2 protein chains.
Amino acid sequence: MLEKKKKYHHGDLRTALVVAGLEILEEDGLDGLTLRAVAKRVGVSHTAPKNHFDGVKALWTAIATEGFWLHAKAMRDGVTSGATRDDKLRAAAAGYARFASEHPALFQLMFSPALCEHRDAALGEAASASYAVLREISAGLDWPGAEGPARQERTEWMVWSLVHGYAMLAISAQFPTGESGAPRHDVLSVMPKFGYPD
Amino acid sequence: MLEKKKKYHHGDLRTALVVAGLEILEEDGLDGLTLRAVAKRVGVSHTAPKNHFDGVKALWTAIATEGFWLHAKAMRDGVTSGATRDDKLRAAAAGYARFASEHPALFQLMFSPALCEHRDAALGEAASASYAVLREISAGLDWPGAEGPARQERTEWMVWSLVHGYAMLAISAQFPTGESGAPRHDVLSVMPKFGYPD
DNA sequence: TAGGTATGTTTACAGCGGAAACATTGATCG
DNA sequence: CGATCAATGTTTCCGCTGTAAACATACCTA
């Protein structure tokens, strides 16, 4: 029997729904990411997801969670090839912004509290993994204003805010764009050149 | 006649709808901002907005536009009281972040390309007014990496990215919060202390 | 004062998320 | 091995949403 028999049970519907959701985000953006559209793409009735997700927001949250893992990976890939700590920092920043510009709808979803449940444990874990990349790399960075309490955490927040703000503004079409449609300046040319003291 | 007579025509429905939308955003967040809910609050049929807005997204865009004007005002208010340019910069940053934390749903709407039309002329004008505050204040700021082409624009983008990123991460509940529910560090404590050379 | 246009209403409809009742599968346990 | 039951998927129905079309009212101007 060459034809794959259509089974009543899917096998791994939960994963399939998340994957389908990611694909829809790439093709149609956030507007197309409806429960019914995701179910239809998988070839399943629109109420089948109910067995795996408690409502659309739970599905969105699961998709965002997968997004955070991909996001962390995108950053880490560039980092490993960096020679100095500064190279690594800039590679992470570039990876952060590139991910946002390549997957704008997914990125928007990941950081929309109205769309996904940020108190979800799995989402938190994935987001932490993404954050951890910046955290490790920014450790020990020196910048004017760094001295004071909670220096390390404030350093992380400073770097994260800068890079995240650039990424968000870029996909929100707030930056004037050049001929290519991309912003006239990339993240790196907008990042202050701080140093590592030791 | 003490009772205000209900007129068939509203008089300034367009403005009333935008105001009602802003109120709903404060009370119920983005989820409650439906066309029907806005119309109902104004006391008008749910198709009446069609005469003033070409679809929900146009209404959302108009609400976001008003948000940008309020946002600009919130920043400017603090700025005028600042003595030095550095004081003004920090006041603008604080105003930027405070506006986001006080009106999270509106702020989210303002920067969601999936929800409002960023190519809209009126929106662009209001957004520019908001941007102009940071633009004026960051002019001449010195920072490591500033030298090079398009120095002034890159300076604006750097400041904007930093402040905007902080604001977005704060309302996305990405920052660990203290007991009050607010982030443990405010914008100012994660803003590098750059100076003005002259 | 007459007629046209701007503005608002009513009605209808398709798409959405969710609930409930039902069908099918697969796993557990005698 | 067979019966039962939980897990998973379907069907059907509901209320809510945005949109369109036909209609009603009020204003404005010639």
Side-chain angles (χ1 to χ4, degrees), chain A residues 1 4-21 23-25 27-64 105 109 112-117 120, chain B residues 1 3-21 23-25 27-64 105 108-109 112-117 120:
Chain A
M1 160 179 10
K4 189 173 182 180
K5 184 174 173 198
K6 187 181 180 192
K7 300 190 304 180
Y8 191 93
H9 288 309
H10 181 281
D12 193 6
L13 183 55
R14 190 194 150 91
T15 301
L17 289 169
V18 171
V19 170
E23 293 171 356
I24 289 177
L25 275 180
E27 296 171 13
D28 305 329
L30 266 173
D31 288 341
L33 193 66
T34 67
L35 211 157
R36 290 169 115 105
V38 174
K40 185 173 189 176
R41 174 178 275 254
V42 175
V44 106
S45 81
H46 82 278
T47 53
K50 196 63 180 296
N51 293 311
H52 302 274
F53 301 100
D54 186 18
V56 221
K57 289 201 173 182
L59 172 58
W60 286 340
T61 300
I63 295 171
L109 170 65
S112 292
L115 301 181
C116 55
E117 183 54 73
D120 178 83
Chain B
M1 160 177 13
E3 195 75 28
K4 189 173 183 181
K5 183 175 173 196
K6 187 180 182 191
K7 301 191 303 181
Y8 190 94
H9 287 309
H10 181 280
D12 192 5
L13 183 55
R14 189 193 151 92
T15 301
L17 289 169
V18 171
V19 170
E23 293 170 356
I24 289 176
L25 275 180
E27 297 171 13
D28 305 327
L30 266 172
D31 288 341
L33 193 66
T34 68
L35 210 160
R36 289 170 116 103
V38 174
K40 185 172 189 177
R41 173 177 276 253
V42 176
V44 106
S45 82
H46 80 279
T47 52
K50 195 61 181 298
N51 292 310
H52 303 274
F53 302 99
D54 186 19
V56 223
K57 289 200 173 183
L59 171 58
W60 286 341
T61 301
I63 295 171
Q108 188 81 36
L109 170 65
S112 292
L115 300 182
C116 54
E117 184 52 74
D120 178 82

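Naming convention: chains lettered A, B, ... in sequence-line order (proteins, then strands); numbering from 1 in each chain. No experiment lies behind these values; they were computed from the predicted model shown.
Following rounding to the nearest Å, A:Trp60 (CH2) and C:dG18 (C1') show an atom-to-atom distance of 13 Å. Following rounding to the nearest Å, B:Asp12 (CG) and C:dG8 (C1') show an atom-to-atom distance of 15 Å. For the pair B:Lys40 NZ and C:dG8 C1', the computed distance is 18 Å after rounding to whole Å. Atom pair B:Asp31:CG and D:dC16:P shows a separation of 16 Å (rounding to whole Å applied). Atom CG of B:Leu59 is separated from atom P of D:dT17 by 14 Å (rounded to the nearest Å). We find that CG of B:Leu33 is positioned 15 Å from C1' of D:dC16, with the value rounded to whole Å. Rounded to a whole Å, the CG atom of A:Asn51 is 14 Å from the P atom of C:dG18. In this entry the distance linking CG of A:Leu13 with P of D:dT10 reads 8 Å, nearest Å.
The phosphate of D:dG9 (OP1 or OP2) has a side-chain N or O of A:His52 nearer than 4.0 angstrom. Contact check, B:Lys50 against C:dG8: no side-chain N or O comes under 4.0 Å of OP1 or OP2.
Residues A:Pro49 and B:Lys57 each lie close to DNA chain D; by heavy-atom proximity, the contact nearer the 5' end of the strand is made by A:Pro49.
The shortest distance between side-chain heavy atoms of B:Asp12 and B:Thr15 falls below 4.5 Å. Under the 4.5 Å side-chain criterion, counting only non-hydrogen atoms from C-beta, A:Arg36 is not in contact with A:Arg41.
Listed by chain and residue number, A:Phe53 satisfy the side-chain contact (heavy atoms from CB on, under 4.5 Å) test with A:Ala58 (two or more places apart in sequence, or in another chain).
Rounded to the nearest 0.5 Å, atoms CD1 (B:Ile63) and CD1 (B:Ile24) are 7.5 Å apart. Taken to the nearest 0.5 Å, the CG atom of A:Leu35 stands 7.5 Å off from the NE2 atom of A:His46.
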Reading DNA chain D 5' to 3', how would its secondary structure be written in dot-bracket notation, given Watson-Crick and G-U pairs with both distances under 3.5 Å, brackets [ ] for crossing pairs and | for partners on other strands?
||||||||||||||||||||||||||||||
Identify all pairs in which a protein N or O lies below 3.5 Å from an N or O of nucleotides 11-15 of chain D, and state each distance.
{"unit_1": "D:dT11", "atom_1": "O4", "unit_2": "A:Thr47", "atom_2": "OG1", "d": "2.7"}

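Panel note: side chain B:Lys40, backbone B:Ser45; no donor-acceptor pair is recorded below 3.5 Å. Using a distance-only test at 3.5 Å, with no hydrogens or angles considered, a donor-acceptor pair links the side chain of A:Thr61 to the main chain of A:Glu117.
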Please report the C-alpha distance between B:Asp31 and A:Lys57 in whole Å, then the side-chain angles of each, then the deciding distance to 0.1 Å, and finally whether the salt bridge (Lys or Arg N to Asp or Glu O under 4.0 Å) criterion is met.
CA-CA 12 Å; B:Asp31 288 341; A:Lys57 289 201 173 182; 2.8 Å; yes
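Applying side chain to side chain contact (heavy atoms under 4.5 Å, CB included) to B:Leu33 and the options B:Leu25, B:Val56, B:Leu115 leaves one that passes, B:Leu25.
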